[in-house]
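The structure under discussion appears below in the form of structure tokens.
Starting from 1, each residue takes its place in the sequence as its number.
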Amino acid sequence: MKKILYTTLIAACLGLASCQDFLTEENISGVTSENFYVDAAGYEKLVNSCYSSLRDIYKTDPKLFAWGTDTETRGEIESVSGTVGDRLVRATQLNEYKTLSSDNSGVNEVFTKLYAGIQRCNTAINKASSIPGLSDAVKNKRLAEVRFIRAYFYYLLVENFGGIPIVKDEFNTPVTHFVPNSEQEVYDFMLEDLNASVGGVDVTTTEFGRVTKGAANHLLSLVHLTRGYKAFASVDDFAKSAQYAEQVISSGNYSLLSSFADVFLPTNQKNSEIIFSVQFDPTSLQDKIIGHGQNLFFGWRIFRQPGFYDGEYATYSRRTSDFMPTQFLYSLYNTAKDTRYNGTFLSQFYAVRDDKLGNAEIKKGDLRFYFPYPDQPFTSQDSIALMAKNPNVEIVRFERWKQDFQGIGGAMKFPMIGKFFDPLDNFPGNNEDAYSSTRDIFLFRLADTYLLAGEAYFKLGQLDKAAEKINVVRKRAAVAGQSLDIKPSDVTLDFILDERARELAGEYHRWLDLKRTRKLGRAFEHNILTKMANPGGVIDKYYLRPIPQSVIDRDTEGYPQNPQY
């Protein structure tokens, strides 16, 4: 582990920005932490780099948070530089588990980038007291913000890798050996950071994107909820999780929008529901290569079809099926009552140009693909009537919304997750880091807080309160004139996971949700590829990722691998 944690810190810290004024991009070379972070202005840039390190986790395909779940699987992995290469290997290993190895590039990337972000935070924390001209008020606030970010990085690390080293120091020389701490020690450290953070950050901010008290309380709720499931849980973890979630809800600083779909309008990224998000704005990015691909990952290659073309991005974008919804995800919605189905998925696709389908003429605007609701009847008469009005339409029924490889027999066409659409997102070049969406990525939003509270109350045995919190989210989701209200007796852990899937599809929470609740077996039931590769079902090994081989190889005194890898 010689240089995993000792990263090229200065180069990484100096140039990344947000969509708000508090982050400004600069290109500075030939500097070190000793000669650059020496005044208040330099220190602000250091803190800003801690925020921008969040981008490094989410800018490509956040591999460890989506594949191998009950709601997301892998589809047709797009080639880069002329070959699929390692991209297919890492996707297969992470989605199907059985062959997951310590040299998986996705595992290595996330582990390394999380520690790189932690090192930035450590530098900001350790330098704060030596910066001339930095007032105590500003220093304390920035330290609280950075400790939140560091705690979030440790949360992602400990949930994916188990016991890992707690690193607090700023390193300016290589360190060749680390000893992992226990999971319990990591959780204690996270809570120490968060408890210090929550009292120091602003309650509200005019600089959207900064850590606030609401963000700290939300993460405290999540961390206590997650620890509550563990063998080393404190007796009050679930009560504290509910308490912190309630503080966010009752603060008056956040509110659910009246429409689920409006939360995701590309023009509405600073709405009242967003508690904390990773900032990606075109005005802050001098080089759009450091955008992200969330807009593109959850679709299929419609650009290959007549009536569409490669390079069109204003209407549908150049989609790929890196993260393909499972059939199970679609089945969770009551489409007659729940607006979240249409707010999440695109089910109808219209030609964007004149073209030919065999000898038939396609006109721009013709309905080309139609996906009937999976839970509503669509008869042969319905099909005839639709085709009479739209002779060039292809009707793709639910039984074909799955992979068309490995003998599965699907169409590789399915309703795309469309809620992340970015009309400014140009198609990527032949580089997997060249994604260019500049929409913010929502990490915490109020609907999630309500669901965390509902889960905490469920674990406390307070089913009436659990149903009450879940019903707030479901009321917003209901079609006008319909009710989605549930009774306390309806609340089970599986129902909560189903509700989180309906509300948070594609938002990079799912693997962590299944890990927290020890429900990874749902993936081995509902993810076709995962099930095929593991006929015996889930085993304990799969609840942790392997420690990257590069970490083990570089450690001069031997770094332990996770069990059974």
Side-chain angles (χ1 to χ4, degrees), residues 66 70-72 254-275 277 294-300 302 315-317 319 323-350 367 369-376 396 398 401 414-423 425 437 439-451 454 469-486 495-510 513:
D70 54 344
T71 59
E72 290 150 37
Y254 310 97
S255 59
L256 296 183
L257 301 192
S258 59
S259 164
F260 173 83
D262 286 352
V263 177
F264 300 96
L265 291 175
T267 55
N268 197 27
Q269 296 172 59
K270 293 192 282 186
N271 67 71
S272 64
E273 189 165 329
I274 307 308
I275 299 170
S277 55
Q294 191 176 32
N295 177 43
L296 307 181
F297 295 146
F298 297 95
W300 48 278
I302 196 170
T315 305
Y316 297 116
S317 293
R319 305 294 186 96
F323 298 145
M324 179 177 173
T326 62
Q327 287 181 301
F328 175 68
L329 175 59
Y330 300 110
S331 73
L332 293 175
Y333 297 83
N334 180 337
T335 59
K337 293 185 175 183
D338 196 331
T339 62
R340 291 175 297 188
Y341 187 89
N342 287 336
T344 299
F345 302 108
L346 295 176
S347 297
Q348 300 178 39
F349 296 85
Y350 298 85
L367 180 62
F369 296 96
Y370 181 82
F371 298 86
Y373 289 126
D375 63 333
Q376 295 188 33
V396 188
F398 178 66
W401 304 357
F414 45 87
M416 299 181 189
I417 292 181
K419 65 184 185 180
F420 309 121
F421 178 66
D422 182 357
D425 184 12
S437 178
R439 286 188 55 157
D440 296 345
I441 292 178
F442 302 153
L443 295 185
F444 306 155
R445 58 185 180 89
L446 187 60
D448 185 9
T449 315
Y450 274 105
L451 296 177
K469 296 306 175 188
I470 295 169
N471 278 336
V472 173
V473 177
R474 289 175 68 81
K475 283 180 188 297
R476 192 266 296 275
V479 171
Q482 300 289 336
S483 174
L484 287 173
D485 284 1
I486 59 168
F495 181 87
I496 289 169
L497 287 170
D498 290 350
E499 190 63 23
R500 289 186 65 80
R502 287 184 281 264
E503 180 68 29
L504 302 168
E507 295 182 47
Y508 301 143
H509 297 298
R510 195 59 178 179
D513 287 345

Given the rule in the side chain to side chain donor-acceptor pair (under 3.5 Å) test, do Y373 and N342 qualify, once you have shown the distances and angles that lead to the verdict?
CA-CA 10 Å; Y373 289 126; N342 287 336; 3.0 Å; yes

List the steps and the verdict of side-chain contact (heavy atoms from CB on, under 4.5 Å) for N334 and D375.
CA-CA 7 Å; N334 180 337; D375 63 333; 4.1 Å; yes

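- Between D513 and L497, the closest side-chain pair of non-hydrogen atoms falls below 4.5 Å.
- The distance from the OH atom of Y341 to the CG atom of L332 is 11.0 Å, given to the nearest 0.5 Å.
- No donor-acceptor pair closer than 3.5 Å links the side chain of N268 to the backbone N or O of V263.
- Using a 4.5 Å heavy-atom cutoff, the side chains of D448 and E503 are not in contact.
- In terms of modelled atom types and a separation under 3.5 Å, the side chain of R445 and the main chain of F442 share no donor-acceptor contact.
- Looking only at side-chain heavy atoms (C-beta outward), Y508 and E72 stay at 4.5 Å or farther from each other.
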Check against side chain to side chain donor-acceptor pair (under 3.5 Å), S255 and S272
CA-CA 5 Å; S255 59; S272 64; 2.9 Å; yes

What do the steps show when you test F444 against S277 for side-chain contact (heavy atoms from CB on, under 4.5 Å), and what is the final call?
CA-CA 7 Å; F444 306 155; S277 55; over 6 Å; no

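- A heavy-atom distance below 4.5 Å is not found between the side chains of T344 and F264.
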Are V472 and L256 close enough, and set up right, to give a side-chain contact (heavy atoms from CB on, under 4.5 Å), and what steps lead you there?
CA-CA 9 Å; V472 173; L256 296 183; 3.8 Å; yes

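- For the pair L451/K469, no side-chain contact is recorded, criterion being any heavy-atom separation below 4.5 Å from C-beta on.
- The minimum heavy-atom distance linking R319 with G299 is given by the pair CB-CA, 3.8 Å.
- For the ring-ring contact (aromatic ring centres under 6.0 Å, His included) with W401, the lone residue among F369, Y330, F414, F345 that qualifies is Y330.
- Stacking of R502 on the aromatic ring of F495 is recorded, both the 6.0 Å distance cut-off and the 45° axial limit being met.
- Atom OH of Y254 and atom CD of E273 lie 12.0 Å apart (nearest 0.5 Å).
- Put simply, the side chain of R476 gets close to the backbone of L257: a donor and an acceptor are under 3.5 Å apart.
- With values rounded to the nearest 0.5 angstrom, L329 atom CG is found 11.5 Å from M324 atom CE.
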Between D422 and R439, does a salt bridge (Lys or Arg N to Asp or Glu O under 4.0 Å) hold up when you go through it step by step?
CA-CA 7 Å; D422 182 357; R439 286 188 55 157; 6.0 Å; no

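- Residues D498 and F328 form a side-chain contact, since some pair of their non-hydrogen atoms from C-beta on lies under 4.5 Å apart.
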How far apart are the C-alpha atoms of Q294 and S437, what are their side-chain angles, what is the distance that settles it, and do they pass the side chain to side chain donor-acceptor pair (under 3.5 Å) test?
CA-CA 7 Å; Q294 191 176 32; S437 178; over 6 Å; no

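- Annotation: the span from N471 atom CG to I486 atom CD1 amounts to 5.0 Å, rounded to 0.5 Å.
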Would you sort out whether F398 and Q327 count as a side-chain contact (heavy atoms from CB on, under 4.5 Å), showing the intermediate values?
CA-CA 8 Å; F398 178 66; Q327 287 181 301; 3.6 Å; yes

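- Smallest separation of non-hydrogen atoms from I496 and I470: CG1-CD1, 4.0 Å.
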Checking D425 against S317 for the side chain to side chain donor-acceptor pair (under 3.5 Å) test, could you report, in this order, the C-alpha distance in whole Å, the side-chain angles of both residues, the deciding distance, and whether it holds?
CA-CA 7 Å; D425 184 12; S317 293; 5.0 Å; no

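- D485 places a side-chain heavy atom less than 4.5 Å from the side chain of K475.
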